[in-house]
Every structure is written in structure tokens, then in C-alpha cells.
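Chain letters run A, B, ... following the sequence lines, proteins first, then strands; residues in each count from 1. The basis for the numbers below is simple: all heavy atoms, side chains too, and nothing from hydrogens, waters or symmetry mates.
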Amino acid sequence: MRKKMLGILLTASLVLGLTACGGQSRTPDANSDEQTASTAADTEGAAGDAATGDATAQKGGKILRTAASFAYPSLDVHKEYYGWYTSIYGISEALFKMDEDFEVVPCIASDATVDGKTWTITLQDGAAFSNGNPLTAEMVVRNLQRVAEVNERFAYLGGFTMEAVDDKTITITTPEIYPTLKNDLASPELGMIDLDSTKDFDKDPVCTGPFVIDTFVPEGDVTVRKNDAYWGGDVKLDGAVFYYMQEDDPKLLAMQSGEIDCYNSVSSAALEIYNKEPDKYDVVSIPGARLQFYILNENRLDDAVREAINLTVDKDKIAGYLSGTVSAAVGPFSTNADYGQVTVPPVDTEKAKKLFEEDGYTLSKDGFYEKDGKKFVISIAYYPARSLDTLALLIQEQLRDIGVDSTITSYEDPDATYIATGDFDLALYCMIADKAGDPLYFIDSTLAEGAYYDCGGFDDDHCQELIEKLRFEVDEDKRAELANEIVQIAIDDNAFGYVGLFNHTTVLKKGMTGFAENIPFDFYGIDAKTDIG
Amino acid sequence: MKQSEDTKFLITNIFRKIAETILLLIILSLLVFALMYIAPGDPAEKRLTSQGTAITKEVLEAERARLGLMRPFLVRYGEWLFGIIRGDFGISFKDDMPVAPKLAAGLHKTLILSSASLILSLLVSYPLAIWSAFRKGRVSDHIVRVLSFIGNSMPNFLISVLLMYVLCIQLRLFPVIADGSPASLILPVLSLSIPMSGRFIRQMRSEFIDQLNEDYVTGMRMRGVKERYVAVNIIRNSLGHILTIVGLQVGTLMGGSVVIETIFRWPGLGKLVMDSINSRDYPVIMGFVIIMGTIYIVINQLTDVSYHVLDPRV
């Protein structure tokens, strides 16, 4: 007993001792004033005289306060997905950007034309970094080359020949015809950095956006201030604070207490509360680009069974159950997009039952289908994220209603398990289906021969032919037509079930506008037009 | 002569304990590394798809190679172990940042939160437990028991949200978003202390009641000793048991409280490790286990050695 007591005493003293010592350390953390101040000072130095906003923006002026669900250790636009966040913070801009209608529109670049394998990109007049340095074509080329070096997902850019023709014109020659380069150039990871003036890429990149970094705490809060030298004109806000808040409840409470002005990815529970007070809050909810879908295993389920399953799964009911967080999908893309024009047969459980019966299945005494005396049970695989757990249960329930029994298995890592092995009858997955206003990325990932997510045995020669055409088709209308035809083949083959598109839901205090609430992409936030009213 | 033998024995014992500690740490590190190796999940894939975008096989393979995941187990383990010996905990798979500063920052924050919560819990529960034990069966005892039962039964997240709602929204005493001042420690400490105090009160009260039933207490009372002196004796005699209860709680607190840290934006170890598990950031997870394991092993070995120092017969 004494021995144990002694151990406990030692543990307690160690804890207290370490605490005392720790108090003197200057380790960066989410609440460290020293860290904040030093970063602000560094920022001043790097940004130069042009960015003359108040170094302590949060203390006065028109300051937007919002909650960010993610926080990263670096602001290096080109690395990982950090560019998504520098774009949300209004610090960085890519050559092009996406609009509400999934269209690529000019940003720092005014135009892009293609002639065969060569793209010519023209920069906007006056495009400049926050330190006043003009954005040159040579700097754009160096930026794109850097992204290819530091970001594995954009390594392919290294295979392109890029050249600065003059100060404002760049040519990019690709090894093959590459119709989606303009879309790629709208990726936030391809934001422009002043590579010569930036001293600290992780904490203080000098970019072209309407805001410049004021304070940055790695994996913590971020404060930005107005870029007074913004090349794109007046910036309405004086600054913004992004509080790192992962949990939904504190966000709701902070909104109610008036400590934040807006945030997105609103939970369904919070949505109900905001909708009850329309005089206080504006709620904007639009279908986003993140898709919930399932893959039907063609190697295990015959055509009739797959069709019957698709006729049974009621997407509208599922969307209703998920209370506003998801919109029922038709195909993988938003119906607002030209390439989202596909059709699916309506839910018809009677027809589904008939299909089972025609396929030789009979209902047993316990109300479930069986064939040759063996109960028919399908295996549903999912991973517990993005409401896929709820989705699995709802699909199971809907299938049970027509007499199909199923087992549900949850996997920690879908890509290393059921996606890799194809060991499932029905597999749930969620991914961004449209990341840059073009259908090829999703089609290539799920329907093309050998695609990583074509793990259900879908194989159609005509579809593959069309995908190859899509790969090289430059005309946007024809691309949309091809995409619609390709996806329709997959729908008609009952290879997939496109269930829902996650809504991009934003709550704003009354009078506030411009928090990218109408843009279906996750990587936009504040810009020059954002206003808190 | 006797003293010299004792010193010699002590020194031998210390060296033996150091050797044991090193061996235990090597076994622990091997075990941790092997578990991470066989655990499902791919850090490269987690990293590439963290925002939900699709990946290609080629990109995935390239990222795996870059992170060194394709190399043999023993090569990776050897490099990692050699790094740990030099104080280098490696580079995070999640963001390429050094692991050691991450762990140091998290440990520092967790220790502040844990110590403050423990101290507050003891300050509340000790007197209430004594008071309740001395008034066993009375109304005040029932009130304390019911309150401790409620506190013990409520999950952390519920207490956190309730406290936020009442103190931040209704009474406007605190901001929902902590500003980093010492005051911002109050809500997370309360959220951790309320259930911990509930547990402590019930366990301590039970111990004090046991002591009250001991013969020495009956004897003291029969001799007319004042109740406050009885209480002093009870506290002294129950100290061992109480310290055991508290010690067990220290272990739990050291691991960090994920829920509290997340809700109150407190960047402690619990949140760091949970985020690392989700992203399969093995270097951070392994570093965490090694640090925690080292603390426990060293404490245990120090206890053994110190025990001999205090009582040479052992």
C-alpha cells in the first residue's frame, strides 16, 4: 500500500512539476498571444508597405468573425489542401475561379484559349501581389512549377511545357490535348504566391487576394486584414477572424451569442433553430459538390437484382430523413450543371418485387426473398462518416420493406478494405464529384476502365469509348453531352446509385452577404465583396 | 560497513532498474510500432483524400513511397527507434511537421487543464465527502449523494454544452469562444471537475464511513475526544486509499479529454491524438504512447528505488 502511495505522490508531483515548467515554455498553441504577435510582426515585414491595414484588425473596423471547421499547420498555398483555406481566408487567388453555375470564370487571368495542345493564358491588367509587386507571367510559370514539385496531386503539371511569352501571357503545352486545363487552373492549390518576396511560406505567403494574413496560429485561429493594395478594387471588410471550432454546438451558441457572424456546414439540428428565427438569421442551402453514392457489385448481383435495388432506394425519403443536410441526387452532378442532365426511373417498389419474382426469387414465410431454398441476403459496406452510417440503415430498411434482407458492415478505412477488394454487394461511399466544374474527374475516377473506384465490376466498351472522347473533347457543350451519355449508361446499367448531394449550408446574421453562400464549392469564403452590413 | 553495503546494493539496484526501464521501453516501442504496422488504414490515402477528392493509383503509390511506407518493417522501426534515442520523434504523416513540438505543446496544455481540474475536484470533494460521511443518513448527506450521483452520471459533453448555454448565453458571464486568457480555463475545468468531483465524493465518503466504523473511532468517541480530532485521524488514516483513487484519475487525465478539448478549443494531447488516429498519423501516435509509457515506467521504477531508500529492509 505504501509503495502505491509513494508512486501516486511521485506521479502527482511530476504532473505539477511539468505543469509549472510548461508554463514557461513558448510552444505555439491556439491561444498563445506571443505566437500571434510575432506572426503579425513577421507579416508586416514580408508584406511590405503596401499592406497597411491595422495589424490588430480584430480590434476595430468592419471585422467579420466566423468559425472554421478545419485548421492547418501551414498557409503554403501549394502544399496539401492548404490552398483551400488560404482561398477561404481571402488571401490567395488562382488564375480562374468557379461560380455558382459550376462555370470557370476569370480571376487573376482574364482569358484562356486553346489551340490543339497549346493553351494561351492572359493575365488581368494590374494583377498584383499584396506588397505591390505586379504578377508577371514568369511568376505564374514558376508558381505552377512549384506546385508540381510540392504537391503529389499536381505532379502532372511537371510534364507540361510552360513558357512566359511576355509579361502578361503564358503558354502551356501539354503532351496530349488537355481540355480541362482551365478548370485545373481554378484549383485553389494553384493560387499565386510572390515566390521572391515570401520569406515564410508556412506562415506568411505574399499572395494576390483581397486580404493579407494578420495573425496565424498553426492549427488554430487565423486573422486576416484588408489588403489596401488589392488589385481587384475596393475591399468592403477591414478584416476577418476565423475561429477554429470543430463542434457544432459551440458554433450554434457562438452564433446565438453574437460572437460570430456566419459559418457554413451547418448541422441539421442547428438549421432547425436558425429557421425558426428568420428575422435574425439568413440561411442559404444549395446542393454542393460532395456526393453520397453506392456501388452495386455486378460480379455478385445480376441485372434484375441491381435494377430492383435502384427502384427501391428512395432518395427523397433519405434526403428528408437527413433533414436538410442533403439534397436528393439524380446523377453524380448538380442538375444546375450542363453535364448533370441525366434521368433515373422513379421509385417503384412493385416493379422491384416483380423483377425479383421474374428472376426466380420467392418470398419465404418470414417475408424475405429466397432462391433455391436459400435466403437472399445482401451485404452493405460503409464507413462511419458523412452520414453514411444513417444512409446504410435507411437503405437496409427500404430494402427490408420489399423483402430483401441485408447485413451491414462498418469499415474503418474503405479504400484499404472494400474498395480495394470488391468484397461487398452494395458499397457506400462519399466523395467530391465535381471539384472544378468539369465531369471528367469523377467519371475518370469511377467509370473508366481500371478506375480506382470502379470496384463493382462495371465494364462497358461503349462507355469507355465515350470516356476517351471526353478526355480530348474541347468544346464544352459537347463535353456536357458526352458526360451525360456516359453517366446515363452507368445509371441504365444499374452499376451505381447516386443518392444525395451534400448541401452547402451557410448561416449568416441578418444583413451579411458574400460568404460564398451561393457557391457550391467548399474552397471559397470571404472576398472583396463580403460585407457584414 | 553496513552502510557501505546498503549503498552498494542501492547503486546496483538503480542500474538494474535503468536496464529494466530501457528493456521495457524497447519492448513497448516494438509493440507500438508493430501494432501501427498491422493496423488497417493508409496514411498516404488519408492524406490525399482528406477533403474527399478521389485519387488515382499512381498518385497513391507515389505518396506511399514518399512517406516511406513501402520500406521493410525492420528498416522503418530501426530508423524510428534511432530517431527517438536522439530525441527526434520524426515527421508527421499528416502535414510533414516535426512531431516533437506537437507533442510538447499538447502535453503542456493537457497538464495545465488536468492539474487545474484535479485540484478543483479535490477542493470540492474532500470537504463534502467528510461532511457527508459525518452526517450519514441525514438530509444534507442525501443532498450531497444525489448531487454527486448526478455529477457522476452526466457525460462530459453534456455538461460542457449546458455550462456554455447557462454561463455564456443566459448569464453572459463568459464568451463562448475562449480568448486564451486564464479565465478561458474556467469552463473546461468545470466540465472536467463536475463528474470527477461526483466520483471522488462517492468514493471518499465510502472510505470515510469505513473509517468511522473502525474501533479506534469508537474508542476516541468513548473517551470524549472532540469530533474535529476524530475527523483529523480519519483523514490521516484514509490518506492512502484516497491517494490511490486520485492517482487512478491522474492517469486518465494525462491521456487528455478529447471531448472537452474539442468543445472548448483546448489544444491538448487528447485532441491531438484523436486527430492523429483519424488521419493515421503514426509518428504522432507512437510518440504519444512512448512518452506516456516512459512517464509511467519511470515513475514506477522510481517508486521501487525510493521505497528502498525510505525503508532499507525492503
Which atoms of A/Y411 are under 4.5 Å from chain B, going by heavy atoms: the side chain, the backbone, both sets, or neither? neither
Please classify the contact of A/N151 with chain B as side chain, backbone, both or neither, using a heavy-atom distance under 4.5 Å. neither
Counting only heavy atoms closer than 4.5 Å, note whether A/Y244 contacts chain B via side chain, backbone, both or neither. both
So for A/Y72, is it side chain, backbone, both, or neither that comes closer than 4.5 Å to the heavy atoms of chain B? side chain
If only atom types and distance count, is the side chain of A/Q246 paired as donor or acceptor with the main-chain N or O of B/T262 below 3.5 Å? no
Identify which part of A/Y441 has an atom lying under 4.5 Å from any heavy atom of chain B, answering side chain, backbone, both or neither. side chain
Value for CD (A/E247) from CZ (B/R265), rounded to nearest 0.5 Å, stands at 12.5 Å
Does this structure show an ion pair linking A/E219 with B/K102, if we count only N-O contacts that are shorter than 4.0 Å? yes
When the 4.5 angstrom heavy-atom criterion is applied to A/E152 and chain B, the contacting part is both
Do the charged groups of A/E412 and B/R280 touch, with an N to O distance under 4.0 Å? yes
Distance-minimising heavy-atom pair for B/V161 and A/L253: O-CD1, 4.2 Å
Hey, could you give me the OG/CE distance between A/S74 and B/M97, rounded to the nearest 0.5 Å? 4.5 Å
Decide yes or no on side chain to side chain contact (heavy atoms under 4.5 Å, CB included) for B/E45 and A/D413, but give the supporting numbers first. CA-CA 9 Å; B/E45 176 260 316; A/D413 186 355; 2.9 Å; yes
